[in-house]
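Read the structure below first, then the notes.
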Amino acid sequence: MSEKSPKLRAELDGIPTYKPGKPAASGGAVAYKLSSNENPYPPLPGVLESAVAAAGAFNRYPDMACTGLVAELADRFGVPVEHVATGTGSVGVAQQLVQSTAGPGDEVIYAWRSFEAYPIITQISGAKPVQVPLTPGDVHDLDAMADAITERTRLIFVCNPNNPTGTVVRRAELERFLDRVPSDVLVVLDEAYKEFIRDPEVPDGVELYRDRPNVAVLRTFSKAYGLAGLRVGFAIAHEPVAAALRKTAVPFGVSQLAQDAAVASLRAEDELLGRVGSLVCERKRVYEALVAQGWTVPESQANFVWMRLGERTADFAAACEKAGVVVRPFAGEGLRVTIGETEANDLFLHTAEAFFKEM
Ligand SMILES: *Cc1c(COP(=O)(O)O)cnc(C)c1O
């Protein structure tokens with residue numbers, strides 16, 4: 001018998017593992033999960049029913065081309081069906097975009113800190129991550145990102161609003177940046193939190209994509225639409241990028257439950273966006289309370305807020321957990337807390353107030 005283990009690609013060695021938000025503790029008194037930017041509302045009745053109905057046929061493969069969902073999305077955004085590509089969450093689509101553009105020797109640029117999936121999917125492809133630090137105000141430094149472009153650059157992620165800081169880039173600066181990017185470099189506008197934006201100066205990526213063939217827009221049903229557990233997201237992109245996404249998709253990746261629930265969600269959009277409105281009110285309340293307590297926090301356009309706590313991060317995360325709310329610490333840097341149920345937000349605010357006084 002051979003002593004050697006199977007040969008694995010060397011690129012896998014340095015890849016960080018994705019750290020999911022901790023689940024809420026079970027068995028304790030109250031426990032709220034504010035660690036994964038999930039929607040705290042349970043599935044809408046009509047949406048749940050459509051998923052349950054689809055479950056009755058899960059002995060069959062799903063519609064591989066997601067025909068119904070793609071048609072619905074194309075209609076909604078006023079784009080050709082050929083420009084819509086679905087995937088297993090927008091993380092799945094983001095990975096396909098990297099696979100489609102970058103391999104060993106190529107470079108992928110993104111801000112840092114930003115979404116933790118970017119380094120992972122870049123390194124899986126064998127490409128080199130080029131991380132451009134956020135400004136001191138925790139905003140994308142688009143000038144520095146444009147300066148970082150080389151002839152090896154294949155893809156640039158712009159996370160707007162940025163996870164985990166909640167900060168945004170606005171129309172004029174984003175357009176100026178896009179004008180500087182060579183037309184053969186793909187810019188991916190990751191708009192996972194689009195529906196939570198209230199700043200009118202933040203552009204809609206779908207408008208920017210229309211006359212820019214090197215721009216792709218990523219959206220998801222996981223956050224505002226509350227389908228995180230079903231794994232469905234999509235990109236809007238010109239050919240040949242959209243065609244590349246159809247080639248790199250795992251066959252039958254998006255389940256029929258997910259497809260049908262996504263269509264039902266689009267049809268229940270008024271109600272779902274009403275829930276988003278309530279979460280945006282809660283975001284304002286949490287932000288203003290933190291500022292009143294004395295904290296300096298960036299204004300967020302997403303369903304979470306960021307606190308740059310540095311060395312105090314772990315202690316504050318532990319205090320939150322003790323109080324019954326699980327948050328998402330980034331050791332030594334800061335902490336992201338999702339806007340959740342009112343009671344959960346209150347528990348968090350009480351903890352923050354007490355912690356600030358002890359500092
Ligand atoms: C949550 C999130 C996603 C979406 O994840 P899904 O795979 O669609 O669940 C994408 N990008 C960012 C920045 C996110 O925070």
Side-chain angles (χ1 to χ4, degrees), residues 18-21 33-40 43 66 69 73 84-99 108-122 124 129 131 134 138-140 155-169 187-197 202 205 216-237 245 248-250 253-255 257-259 261-262 265-266 272 276 279 283 298 300-306 327-328 330 334-340:
Y18 190 98
K19 199 172 162 218
K33 185 181 177 203
L34 302 182
S35 54
S36 289
N37 297 344
E38 292 154 339
N39 194 316
C66 297
L69 176 57
L73 288 168
V84 181
T86 51
T88 54
S90 58
V91 173
V93 186
Q95 177 158 17
Q96 292 170 247
L97 286 166
V98 175
Q99 273 182 328
V108 173
I109 298 175
Y110 50 85
W112 200 251
R113 180 169 282 280
S114 187
F115 188 33
E116 66 177 317
Y118 301 154
I120 299 171
I121 60 184
T122 300
I124 289 174
Q131 305 189 339
L134 297 170
D138 283 324
V139 180
H140 275 61
L155 185 152
I156 306 172
F157 282 110
V158 177
C159 189
N160 201 28
N162 188 45
N163 178 3
T165 60
T167 53
V168 288
V169 290
V187 179
V188 178
L189 303 177
D190 185 345
E191 299 186 331
Y193 302 95
K194 167 80 179 110
E195 298 82 0
F196 297 94
I197 296 172
V202 179
V217 183
L218 275 183
R219 298 281 182 89
T220 180
F221 285 95
S222 295
K223 309 286 162 54
Y225 294 90
L227 304 185
L230 287 179
R231 314 306 306 129
V232 52
F234 60 97
I236 295 180
L245 287 173
T248 51
V250 171
V254 182
S255 73
L257 269 77
Q259 293 181 39
S265 299
L266 289 169
L272 287 168
V276 168
L279 291 169
R283 173 178 79 200
S300 170
Q301 292 290 315
N303 67 341
F304 53 84
V305 292
W306 169 248
V327 297
R328 175 70 166 91
F330 296 85
L335 174 150
R336 188 191 70 199
V337 55
T338 306
I339 303 299

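Ligands are counted one by one from 1 in listed order, and the atoms in each one are counted from 1 as well.
- For ligand 1, the atoms closer than 4.0 angstrom to any heavy atom of Arg231 are 6 (P), 7 (O), 9 (O).
- Aromatic ring centres of Tyr193 and Phe304 lie closer together than 6.0 Å.
- Per-residue contacts place Asn163 under 4.0 angstrom from the following atoms of ligand 1 (heavy atoms of the residue considered): 13 (C), 14 (C), 15 (O).
- Protein heavy atom at the shortest distance from atom 2 (C) of ligand 1 is Lys223 NZ, 2.4 Å.
- Counting the atoms of ligand 1 from 1 in the order shown, those under 4.0 Å from a heavy atom of Gly89 are 6 (P), 7 (O), 8 (O).
- Within the 3.5 Å criterion, the main-chain N or O of Gln301 finds a donor-acceptor partner in the side chain of Arg283.
- Close N/O approach between Asn37 and ligand 1 is not found [any backbone or side-chain N/O within under 3.5 Å].
- Asn162 and Thr167 share no side-chain donor-acceptor pair at under 3.5 Å.
- Inter-residue side-chain proximity for Glu191 and Ser90 is flagged as unmet; no heavy-atom pair is nearer than 4.5 Å.
- Remark: distances from the non-hydrogen atoms of Asp190 to ligand 1 include one below 4.0 Å.
- Of the protein's non-hydrogen atoms, the one nearest atom 15 (O) of ligand 1 is Tyr193 OH, 2.6 Å.
- Donor-acceptor pairing under 3.5 Å is recorded for the side chains of Asn163 and Arg336.
- In terms of protein heavy atoms, atom 9 (O) of ligand 1 is closest to Ser222 OG, 2.5 Å.
- For Phe221, the closest heavy-atom approach to ligand 1 does not fall below 4.0 Å.
- Residues Val98 and Phe157 meet the side-chain proximity criterion, which asks for heavy atoms closer than 4.5 Å.
- In this structure a side-chain-to-backbone donor-acceptor pair under 3.5 Å is present from Thr165 to Asp138.
- Close approach of ligand 1 to Ala192 (heavy-atom distance below 4.0 Å) involves ligand atoms 2 (C), 3 (C), 10 (C), 11 (N), 12 (C), 14 (C).
- Nearest protein heavy-atom contact of atom 4 (C) of ligand 1 is Ser90 OG, 3.0 Å.
- Between the side chain of Thr338 and the main chain of Asn37, a donor-acceptor pair closer than 3.5 Å is present.
- Taking a cut-off of under 4.0 Å to the non-hydrogen atoms of Cys159, the atoms of ligand 1 that pass are 13 (C).
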